[in-house]
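Counting starts at 1 for both ligands and their atoms, following the listed order.
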Amino acid sequence: MLEFSQHQDRGFGMSAYFWFEGIPFAAIAHKREIIEGSRDKFVIRDEDTVIVSYPKSGTNWLTETVCLIQTKGNPKWIQSVPFWERSPWIEFQDGYLTLINKEGPRLMTSHLPFHLFPKSFFRSKAKVIYIIRNPRDALVSAYFFFHNTKLIDNPESLGTYFEWFLKGNVLYGSWFEHTRDWLSMRGNDNFLLLSYEDMKKNTRGTIEKICDFLGKKLEPDELDLVLKYSSFEAMKENRMSNLNLHPEAVNINCLVLMRKGVAGDWKNHFTVAQAETFDKVFQEKMAGFPPGLFPWK
Ligand code: A3P
């Protein structure tokens, strides 16, 4: 109840959320004790691989790719097991429980911001692959994904969602803070930074980078298979990859994961004023990073 009145004070009517350590989580999908347990109790092991991203950055495309690398391009696994079981989510109850009972090297996924990520990771040799995407595209993608669901308060227009996004009053909080904090891991041997844009432009090269990072060697024909089965079209058709079977997604509403799959769609949706405002905020909040680190314009 205290949490609820705190949302009201923020002036956003954010009843779809509960807040934990400054971050809005979805009241109908997340559980406070699991978020807390993810940070304080969840044990990441040296042999684990974690895919981490801010929402709508190409997370599931990366998951599909990593799964296919593990099977050397054989699609049997991705076509028979849904992605949330192949790479369970740390911060959702189902994923958390699956993971703590799983032996051997684990593949897992998370959108958690740096300060809420399992503390055990920072004492481990586990690998994190962090994927970033132009936040303008992540914003547009999130708006179309979430706006008719009960996961977030209905923003009613992209303009309203745009305001919330810049303030960080959206699921998982501010893109700027998420990205700044996670980028502090750059240069660590167990951290690989990827971008949606590079992955679109040079998919094969990105797969090779992931293979190097994970210590996997694929033959050229195996790499062709990874490319084939992780394509937008293949994932859209694969019921194990497109959310059509996810029990909660079905309950919440029809969630379309595979929407457009392009870079730069924000240009079709932002007004000139919004584009200028976004540029200004981006420059302020991301000052200090080397030019060229963010591969979009
Ligand atoms: P759009 O809404 O812009 O189409 P996430 O997995 O983090 O939720 O990200 C979802 C975004 O990744 C969506 O973007 C989706 O279309 C895009 N995506 C998913 N699979 C893809 C693929 N194989 N190739 C390109 N984009 C993909």
K.L.:
Any nitrogen or oxygen of Phe232 lying under 3.5 Å from a nitrogen or oxygen in ligand 1? Just yes or no.
P.N.:
yes
K.L.:
Please find out if less than 6.0 Å separates the ring center of Phe278 from that of Trp266.
P.N.:
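Ring-ring flag for Phe278/Trp266: false, centres at least 6.0 Å apart.
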K.L.:
Considering only protein heavy atoms, which is closest to atom 7 (O) of ligand 1, and at what distance to one decimal place?
P.N.:
Thr59 OG1, 2.4 Å
K.L.:
Using heavy-atom distances only, which candidate in Tyr54, Phe83, Trp266, Trp61 approaches atom 21 (C) of ligand 1 most closely?
P.N.:
Trp61
K.L.:
Is it possible for you to check whether Lys56 lies under 6.0 Å from the centre of the six-membered ring of Phe145, through NZ or CZ, and within 45° of that ring's axis?
P.N.:
yes
K.L.:
Report, as yes or no, whether the 6.0 Å neighbourhood of atom NZ on Lys260 holds more than 12 heavy atoms from other residues, nucleotides or ligands.
P.N.:
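Above 12, so yes.
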K.L.:
What about Ser53: any of its N or O atoms under 3.5 Å from an N or O on ligand 1?
P.N.:
no
K.L.:
For ligand 1, does Lys56 get within less than 4.0 Å through its side chain, its backbone, both, or neither, judged by non-hydrogen atoms?
P.N.:
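Under 4.0 Å from ligand 1, Lys56 contributes backbone and side-chain atoms.
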K.L.:
Please confirm whether the ring centroid of Tyr172 lies under 6.0 Å from the ring centroid of His30.
P.N.:
yes
K.L.:
Under a 3.5 Å cutoff, is there a donor and acceptor pairing between the side chains of Ser241 and Glu64?
P.N.:
yes
K.L.:
Using heavy-atom distances only, which candidate in Arg133, Lys260, Arg259, Met258 approaches atom 14 (O) of ligand 1 most closely?
P.N.:
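Shortest heavy-atom distance from atom 14 (O) of ligand 1: Arg133.
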K.L.:
Just to be sure I read this right, does ligand 1 sit under 4.0 Å from the backbone of Ser141, its side chain, both, or neither, counting only heavy atoms?
P.N.:
both
K.L.:
Tell me, please: is Gly58 in heavy-atom contact with ligand 1, that is, under 4.0 Å?
P.N.:
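A heavy atom of Gly58 does come that close to ligand 1.
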K.L.:
Do you know which of Thr59, Asn60, Thr109 makes side-chain hydrogen bond (donor to acceptor under 3.5 Å, both in side chains) with Ser87?
P.N.:
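Testing each of Thr59, Asn60, Thr109 against Ser87, the sole residue satisfying side-chain hydrogen bond (donor to acceptor under 3.5 Å, both in side chains) is Thr109.
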K.L.:
So do Phe114 and Phe122 actually touch side chain to side chain, heavy atoms under 4.5 Å?
P.N.:
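Yes - at least one pair of side-chain heavy atoms lies under 4.5 Å apart.
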K.L.:
If the cut-off is 4.0 Å to any non-hydrogen atom of Met235, which atoms of ligand 1 fall inside it?
P.N.:
20 (N), 23 (N)
K.L.:
Mark up the atoms of ligand 1 that fall under 4.0 Å of a heavy atom belonging to Asn60, in ascending order.
P.N.:
5 (P), 6 (O), 8 (O)
K.L.:
If we only count heavy atoms from C-beta on, is the Arg186 to Leu293 side-chain gap below 4.5 Å?
P.N.:
yes
K.L.:
Would you call Asp279 and Arg136 a salt bridge, taking side-chain N to carboxylate O under 4.0 Å as the test?
P.N.:
yes
K.L.:
Does Tyr196 have a non-hydrogen atom less than 4.0 Å from ligand 1?
P.N.:
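Tyr196: in contact with ligand 1 (<4.0 Å).
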K.L.:
Using a 4.0 Å cutoff against the non-hydrogen atoms of Ser231, which atoms of ligand 1 qualify?
P.N.:
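Listed by number with element, the hits are 23 (N).
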K.L.:
Pick one of side chain, backbone, both or neither for how Ser230 approaches ligand 1, counting any non-hydrogen atom pair under 4.0 Å.
P.N.:
backbone
K.L.:
Given Val140, Leu257, Leu62, Asp137, which one has a non-hydrogen atom that is nearest to atom 15 (C) of ligand 1?
P.N.:
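The nearest heavy atom belongs to Leu257.
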